[in-house]
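What follows is one structure encoded as structure tokens, with my remarks underneath.
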Amino acid sequence: MQRTALRRVAVTALALAALGGGALATAGSASALQRDGHVEAGELGLYYSPDRGGAVFDLGNSDEDFSDDQFLGTGAGAGQSVDDNTASYWNNDTYTWLVYTGTYRQGLAASLPPGYIGNATATFRHQISSAYLGN
């Protein structure tokens, strides 16, 4: 009898551990926006090519220096540095984003209102080096 009771306790403990571990593994998966090459609601997408073409860099938060960031995906520009390589953008956020031609809010600034989709003008094409979430 003692063996059966121990077995039940062990099985119950394993089952609870498995259930608890599964709950912990799924709890945070959808909570934070990730740089994954997919522009989701609440993100700014910077594209390597005009007309939202090629690889994309998606931001959910400000980034003051693009020199260590790369475009993601399988299209043109995948793996290339985001710094000075943006040709178009999509603000899929409810907030305005500001992009700058220099790092740390330096250089020229452009304001991208919520929902804005467009190609970078001659002044900003292949010149953007940082982006900040506005309000």
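The residues of the chain are indexed from 1 along the displayed sequence.
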Output side-chain donor-acceptor pairs under 3.5 Å for residues 110-119, partner residues at least two apart or in another chain, one line each.
from: N119; atom 1: OD1; to: D51; atom 2: N; distance (Å): 2.6
from: N119; atom 1: ND2; to: D51; atom 2: OD1; distance (Å): 3.0

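Checked against side chain to side chain contact (heavy atoms under 4.5 Å, CB included), H38 has the following partners two or more places apart in sequence or in another chain: D36. Evaluation of the side chain to side chain contact (heavy atoms under 4.5 Å, CB included) rule for T123 yields L108, T121 as partners, not counting sequence neighbours. Under the rule for a side chain to side chain contact (heavy atoms under 4.5 Å, CB included), the partners of V56 that lie at least two apart in sequence or sit in another chain are V39, Y47. Here D83 pairs with F66, S67, S81, S129 under the side chain to side chain contact (heavy atoms under 4.5 Å, CB included) rule; sequence neighbours left out.
Here the CG atom belonging to L46 is positioned 7.0 Å from the CZ atom belonging to F57, to the nearest 0.5 angstrom. One distance of note links CD of E43 with CG of D93; it measures 8.5 Å at 0.5 Å rounding. Distance check, rounded to the nearest 0.5 Å: CD of Q127 to CG of D84 gives 5.5 Å. The distance from the CG atom of L44 to the OG1 atom of T96 is 11.0 Å, given to the nearest 0.5 Å. To the nearest 0.5 angstrom, D65 atom CG is 4.5 Å from Y104 atom OH.
Residues T86 and V99 are not in side-chain contact: their nearest non-hydrogen atoms beyond the backbone lie 4.5 Å or more apart.
Transitive grouping of hydrophobic side chains (ILVMFWY, heavy atoms separated by less than 4.5 Å) keeps L72 and Y48 in distinct clusters. A continuous path of Ile, Leu, Val, Met, Phe, Trp and Tyr side chains, each step under 4.5 Å between heavy atoms, connects Y95 with L59, placing both in one hydrophobic cluster.
When atom types are taken as modelled, the side chain of D58 and the backbone of G37 share a donor-acceptor pair closer than 3.5 angstrom. Remark: side-chain polar atoms of S88 are paired, donor with acceptor, to backbone N or O of S49 under 3.5 angstrom.
Across all non-hydrogen atoms, the minimal contact from R105 to S130 is N-OG, 3.9 Å. Closest non-hydrogen pair, P50 versus A87, comes out as N-CB, 3.6 Å. The two residues Y100 and G107 make their nearest non-hydrogen contact at CD2-O, 4.3 Å.
Pairs passing the salt bridge (charged side-chain N to carboxylate O under 4.0 Å, His left out) check and including a residue from residues 69-78, sequence neighbours excluded, read R35-D69.
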